[in-house]
Amino acid sequence: MKIKKIEAFLIRDLGFSVSEESPQARRRSWYVDAEVASPMDRYTRFKGRRSSWAARLPAVGVLATAEDETWGFATTACGQPVVSLINDHFAPLLVGEDPMATERIWDMMMRFASLYSPSGLASYGISAVDLALWDLKGRLLRRPVYELAGGPARESQKCYATGNDTDWHMELGFSATKLACPYGSAGGLQAINKDEELVARTRELIGDQVDLMLDCWMALDVDFAVRLAERLRPYNLRWIEDGLRPEDGPSHRALRERLPWQALATGEHWYTPSPFYDAAKGNLVDILQPDVHWVGGLTAARRISAIADAAGIEVILHAGMNTPYGQHAALATTSSEWGEYFVGGAPGVALSKTHGFPGMAVPANGVLVVSDEPGFGHGLTLESIAKLTL
């Protein structure tokens with residue numbers, strides 16, 4: 001069996017999407033109006049709203065088709081640049097390859113991209129093609145991807161909720177929750193005070209038996225991160241996440257040295273397995289957080305899992321429980337006891353109504369049972385994929 005065609009195209013985002021006019025919604029989602037820290041906070045016109053400066057690029061879909069017309073489908077981000085990279089570079093070179101040879105094809109794509117680096121935008125393209133081929137492989141063999149990736153490491157997946165509608169997370173039965181930090185280094189001492197107020201309110205709401213984490217989304221420098229962590233020490237944060245800009249290796253080392261007592265997590269904006277190896281080798285973080293749609297696909301995630309296993313650290317995929325691709329990757333990973341579910345929909349709206357994958361499971365009482373349908377079990381058909389196309 002050979003690859004007949006690989007095609008990338010722009011699609012409607014299949015992530016969380018809830019109309020605020022939904023009759024089930026009790027109030028607007030926190031995500032609509034909340035001020036959230038970011039690396040652009042030092043510039044007043046971009047402060048507090050990621051949407052004011054983030055690239056407005058559509059999602060990307062990829063179909064990989066074998067000679068017998070069996071197909072696999074996957075998604076990634078970053079719009080037309082990634083579509084062009086796949087269609088104009090990767091796809092023509094991969095036609096005629098064995099779709100079962102995912103390791104070989106992943107290595108080929110990494111080497112194809114050497115001309116302009118496999119990191120960044122190229123990594124998004126590599127991810128989508130790799131995931132589409134894993135979906136194709138599962139459909140050809142009529143097995144769920146997690147079985148092909150080593151089998152289930154556990155019967156179900158424990159999940160924590162991310163977002164600032166914490167009362168809704170508790171009502172949904174999550175036993176761990178992560179806040180989006182509202183203020184970063186640009187705000188100085190006042191920012192630390194306001195961040196503490198949010199964390200203190202949240203800890204009082206959830207009590208001592210629920211794990212609490214803080215996502216700082218590249219908005220901190222080392223000194224601010226240390227001062228913030230010391231201020232928040234009484235609230236027993238399970239970890240502080242993604243505080244520094246991803247490419248700043250020296251600052252990651254400095255933060256580890258100055259905060260030996262605080263668990264640190266990062267990696268959603270690292271691309272390819274290489275930075276994860278460096279972080280594990282240097283003992284820079286306690287939890288690795290690759291995004292399976294960005295880092296290089298399932299093949300890259302499996303390599304990162306092996307690095308984590310060797311180093312004795314955790315892997316928790318970025319928003320891994322929000323797509324069937326992350327769910328299968330996590331279930332097959334022994335170092336991924338926890339999964340992240342980003343709750344962007346409005347309180348009162350069932351999680352099952354806040355995504356676009358008809359076959360995807362969602363957490364119930366903080367636990368998720370992954371679909372055992374062939375491939376990734378996303379539930380999409382060629383007809384429904386065509387309706388997503390922009």
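The structure presented is a predicted model; accordingly, all values stated were derived computationally and were not measured.
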State yes or no: do [X] and [Y] share one hydrophobic cluster built from I, L, V, M, F, W and Y residues joined by side-chain heavy-atom distances below 4.5 Å, directly or via other members?
| X | Y | value |
| --- | --- | --- |
| Tyr341 | Val315 | no |
| Leu284 | Leu288 | yes |
| Ile307 | Val285 | no |
| Leu57 | Phe46 | no |
| Leu317 | Met213 | no |

Minimum heavy-atom separation for [X] and [Y], please, with both atom names.
| X | Y | value |
| --- | --- | --- |
| Leu259 | Ala225 | CD1-O, 4.1 Å |
| Phe174 | Met170 | O-CE, 3.5 Å |
| Glu340 | Asn322 | O-OD1, 3.7 Å |
| Ser371 | Pro144 | O-CB, 4.4 Å |
| Cys181 | Asp195 | SG-OD2, 3.4 Å |
| Ser123 | Ser127 | O-OG, 2.7 Å |

* **salt bridge (charged side-chain N to carboxylate O under 4.0 Å, His left out) between Arg227 and Asp221, intermediate numbers included** => CA-CA 10 Å; Arg227 295 171 66 199; Asp221 57 35; over 6 Å; no
Please examine the side chains of [Y] and [X], heavy atoms only from C-beta on, and report whether any two atoms are closer than 4.5 Å.
| X | Y | result |
| --- | --- | --- |
| Thr354 | Val362 | no |
| Pro246 | Met218 | yes |
| Thr166 | Leu179 | yes |
| Asp165 | Val343 | no |
| Asp286 | Ile313 | no |
| Phe376 | Met360 | no |
| Val295 | Trp270 | no |
| Val95 | Ile6 | no |

* With respect to Gln289, which candidate in Glu241, Glu314, Glu268 satisfies the side chain to side chain donor-acceptor pair (under 3.5 Å) definition? -> Glu241
* Asked: What do the steps show when you test Asp242 against His318 for side chain to side chain donor-acceptor pair (under 3.5 Å), and what is the final call?
  -> CA-CA 11 Å; Asp242 214 20; His318 170 245; over 6 Å; no
Parallel, tilted or perpendicular: rings of [Y] and [X] (30°, 60°):
| X | Y | answer |
| --- | --- | --- |
| Trp338 | Tyr160 | tilted |
| Tyr325 | His293 | perpendicular |
| Trp30 | Phe342 | tilted |

* Any donor-acceptor N/O pair, Gln327 side chain to Ala361 backbone, under 3.5 Å -> yes
Between [atom1] of [X] and [atom2] of [Y], what distance do you get to the nearest 0.5 Å?
| X | Y | atom1 | atom2 | value |
| --- | --- | --- | --- | --- |
| Glu337 | Gln157 | CD | CD | 8.5 Å |
| Asn236 | Asp211 | CG | CG | 7.5 Å |
| Ile126 | Leu131 | CD1 | CG | 11.5 Å |
| Asp215 | Thr162 | CG | OG1 | 7.0 Å |
| Trp294 | Leu121 | CH2 | CG | 12.0 Å |
| Arg253 | Asp278 | CZ | CG | 8.5 Å |

Enclosure of [X] [atom1] (heavy-atom neighbours >12, cutoff 6.0 Å):
| X | atom1 | value |
| --- | --- | --- |
| Phe9 | CZ | yes |
| Arg245 | CZ | no |
| Arg42 | CZ | no |
| Glu69 | CD | yes |
| Lys158 | NZ | yes |
| Tyr116 | OH | yes |

* Taking the six-membered ring of Trp261 as reference, does the NZ or CZ atom of Arg233 fall below 6.0 Å from its centre and within a 45° cone about the axis? -> yes
* Arg50 NZ/CZ over Trp217 ring centroid, <6.0 Å and within 45° of normal -> yes
SB check [X] [Y] (cutoff 4.0 Å):
| X | Y | result |
| --- | --- | --- |
| Lys194 | Glu35 | no |
| Arg27 | Asp167 | yes |
| Arg142 | Glu147 | no |

* Do Tyr183 and Gln190 have side-chain N/O donor and acceptor atoms under 3.5 Å apart? -> no
* To do: Would you check if the distance from the ring center of Tyr124 to the ring center of Tyr271 is below 6.0 Å?
  => yes
